[in-house]
Amino acid sequence: MQSIDFYIQKACSVVAADDFAKQVIQWQQVHGRNNLPWQTENNPYHVLVSELMLQQTQVQTVIPYFNRWLERFPDVQSLADAPEDDVMQLWQGLGYYRRARNLHAAAMTVVEHYQGKIPENADQLREIPGVGPYTVGAIRAFAFDASAAIVDGNVKRLFARLFSLPFLVNKSSFDRYFWALAEHYTPQSNGRRFAQGLLDLGATICKPTQPQCGDCPFRLTCRSYQDNTVTDFPKRAEKKATPTRSGYFALDINDAGILLLKRGSDSVWPNLWCLPELEAAAQGTPDGHFKHTFSHYKLHATVWRQTLAPSQHYRRVALTDLDSVGLPAPIRTYLQQINT
DNA sequence: AAGCCGGGGCA
DNA sequence: TGCCCAGGCTT
């Protein structure tokens, strides 16, 4: 692998930094997304909420969650004051539940340390739970129009194709190369529109499949388009096969409802209410089965009807009242099927 | 550096 | 089915 400077030189031979920024900004103004719910006010709290929701989650999925969130938690203070169960319930179905706890903790941090105002300073932002390198840049650019680099999946794919880069996008060791390029190409002014333009290009033109190269403002300079190798980029390391695991759950149901147990904060489905999980398979005929695919393994679950010994940790919820609880999606689906 | 953490959309 | 997504945290 060559040095970082080598690849910056290579990139500059494709397009100079000021030309690139100018074209991204001009294209964004005409063709970009400028009416997303979190773009209407450039409100730092709205930006914070949207960025945590958008981590590994597509825009169209996030929009209804974002709107519901602002109705229930209109500002930093109201979120900081909210009970954790309310926070988890509103996040239910969005996945990566640690983000919900992070966002809740972020609001409390901002209230405690920054008088409820989200800071612009990168070092201070980086200390906020759930805010990593990407989100620091995103908040600085989108909330404050700062000159801040961002690197996400869109930016990696765009750069990899534009410059025919050999970097493996699913290997963290290549991240420093992408960040060096992103910082080289980030302009001193119009940081907000430039960052938005990168994301919009990645989401609507330089898409993972079926890239719309005919509509791309860089089609005349893009190295992989000129070489007719666009679909060869970005390069990716082979993924390991996902293992299958077995899960065992207890269904304690009576006229009053179903017994639920709150999961631990360090497990899958952290802090969500769920059927009590058993250490091993139970005796007798199962009540039913369900399967669920996580990002790193596949779960084959079996459910048995059991009467569990009383415990203060349990909570019994009526079948008709399941919507008021933060439940994992596959558990909710299973219980709804019982209901019919 | 590698593993962990969901769910939806789409070919 | 497999891949992708406005990644971050933990070990």
Side-chain angles (χ1 to χ4, degrees), chain A residues 32-33 36-39 46-66 88 91-103 105-106 125-143 148-158 168-176 178-179 182 192 195-204 206-211 231 234 236-243 245 263-272 291-299 326-333:
Chain A
R33 299 171 293 186
L36 295 169
W38 44 89
Q39 293 177 315
H46 297 186
V47 173
L48 173 69
V49 172
S50 67
E51 287 305 332
L52 265 76
M53 288 186 170
L54 286 161
Q55 288 168 7
Q56 296 293 287
T57 308
Q58 295 190 352
V59 166
Q60 290 308 315
T61 305
V62 164
I63 287 175
Y65 282 88
F66 177 84
M88 298 311 295
W91 198 274
Q92 185 270 318
L94 200 52
Y96 283 121
Y97 296 91
R98 195 172 303 271
R99 296 181 296 169
R101 196 177 51 172
N102 286 340
L103 181 52
L125 284 169
R126 189 65 183 79
E127 294 302 312
I128 296 175
V131 178
Y134 163 79
T135 308
V136 167
I139 292 175
R140 286 172 45 72
F142 296 136
I150 55 167
V151 173
D152 75 327
N154 291 301
V155 175
K156 289 181 183 177
R157 186 172 60 254
L158 183 69
L168 307 177
V169 291
N170 55 344
K171 288 290 194 178
S172 58
S173 51
F174 291 98
D175 283 354
R176 62 192 192 97
F178 285 112
W179 276 100
R192 174 184 294 135
Q196 189 64 51
L198 291 182
L199 301 184
D200 293 343
L201 276 170
T204 65
C206 202
K207 299 190 292 184
T209 61
Q210 298 186 348
T231 53
R236 181 171 295 277
E238 283 189 39
K239 265 173 56 173
K240 295 174 184 173
T242 58
R245 300 183 195 171
R263 296 183 63 86
S265 56
D266 291 323
S267 65
V268 263
W269 301 322
N271 296 16
L272 291 186
K291 295 180 182 178
H292 185 69
T293 303
F294 293 95
S295 43
H296 54 306
Y297 68 92
K298 186 180 295 186
L299 175 68
L327 282 172
I331 301 289
R332 179 181 302 277
T333 302

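Reminder, nothing fancy here: chain letters follow the sequence lines and each chain counts from 1.
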Regarding [X], tell me which of base, sugar-phosphate or nothing describes its non-hydrogen contacts under 4.0 Å with the strands shown.
X         : value
Thr293(A) : nothing
Ile139(A) : nothing
Gly93(A)  : sugar-phosphate
Ala329(A) : sugar-phosphate
Pro330(A) : sugar-phosphate
Phe142(A) : nothing
Trp91(A)  : nothing
Lys171(A) : sugar-phosphate

Next on the checklist: Is any side-chain heavy atom of Lys156(A) closer than 4.5 Å to one of Asp175(A)?
Outcome noted: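 Side chain of Asp175(A) against side chain of Lys156(A), heavy atoms only: contact under 4.5 Å found.
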
Item to check | Side-chain heavy atoms of Trp91(A) within contact of Leu103(A), under 4.5 Å | outcome: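 Result yes, sub-4.5 Å side-chain heavy-atom pair found.
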
Just how far, in rounded Å, is [atom2] of [N] from [atom1] of [X]?
X         : N      : atom1 : atom2 : result
Gln196(A) : dA6(C) : CD    : C1'   : 9 Å
Leu158(A) : dC4(C) : CG    : P     : 16 Å
Ile150(A) : dA6(C) : CD1   : P     : 11 Å
Leu125(A) : dG8(C) : CG    : C1'   : 15 Å
Asn170(A) : dC4(C) : CG    : C1'   : 12 Å
Met53(A)  : dA6(C) : CE    : P     : 16 Å
Arg99(A)  : dA6(C) : CZ    : C1'   : 11 Å
Gln56(A)  : dC5(C) : CD    : P     : 8 Å

Under 4.0 Å from OP1 or OP2 of [N]: is there any side-chain N or O of [X] that close?
X         : N      : answer
Arg33(A)  : dA6(C) : no
Gln55(A)  : dG7(C) : no
Ser50(A)  : dA6(C) : no
Arg157(A) : dC5(C) : yes

Is there a donor-acceptor pair under 3.5 Å between the side chain of [X] and the backbone N or O of [Y]?
X         : Y         : value
Gln39(A)  : Arg33(A)  : yes
Arg99(A)  : Met53(A)  : yes
Gln55(A)  : Tyr96(A)  : no
Arg126(A) : Gly132(A) : no
Arg157(A) : Gly202(A) : yes
Arg192(A) : Phe142(A) : yes
Arg263(A) : Val268(A) : yes
Asn102(A) : Pro129(A) : no

Item to check | Where chain A begins and ends its contact with DNA chain B, read 5' to 3' at 4.0 Å from heavy atoms | outcome: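 Using the under 4.0 Å cut-off, the span is dA1(B) to dG8(B).
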
Checklist entry - For atom C1', what is the distance between dC3(C) and dG6(B), given to the nearest Å? => result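 Roughly 15 Å separates the two C1' atoms.
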
Item to check | Distance between P atoms of dG8(B) and dG8(C) (Å, rounded) | outcome: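 One P to the other, the span is 22 Å.
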
Checklist entry - Can you name the side chain to side chain donor-acceptor pair (under 3.5 Å) partners of Tyr65(A), sequence neighbours left out? => result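 Once residues adjacent in sequence are excluded, Tyr65(A) has no partner under the side chain to side chain donor-acceptor pair (under 3.5 Å) criterion.
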
Next on the checklist: Closest-nucleotide mapping onto DNA chain B: is Tyr96(A) or Ser173(A) further toward the 5' terminus? I mean the 5' end.
Outcome noted: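 Its nearest nucleotide being more 5', the pick is Ser173(A).
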
Item to check | Whichever of Pro328(A) and Ser172(A) has its nearest DNA chain B nucleotide further upstream toward 5' | outcome: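 The residue whose closest nucleotide sits nearer the 5' end is Ser172(A).
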
Give every pair of a protein N or O atom and an N or O atom of nucleotides 9-11 of chain C that lie under 3.5 Å apart, one pair per line with the distance.
| unit_1 | atom_1 | unit_2 | atom_2 | d |
| --- | --- | --- | --- | --- |
| dC9(C) | OP1 | Gly130(A) | N | 2.9 |

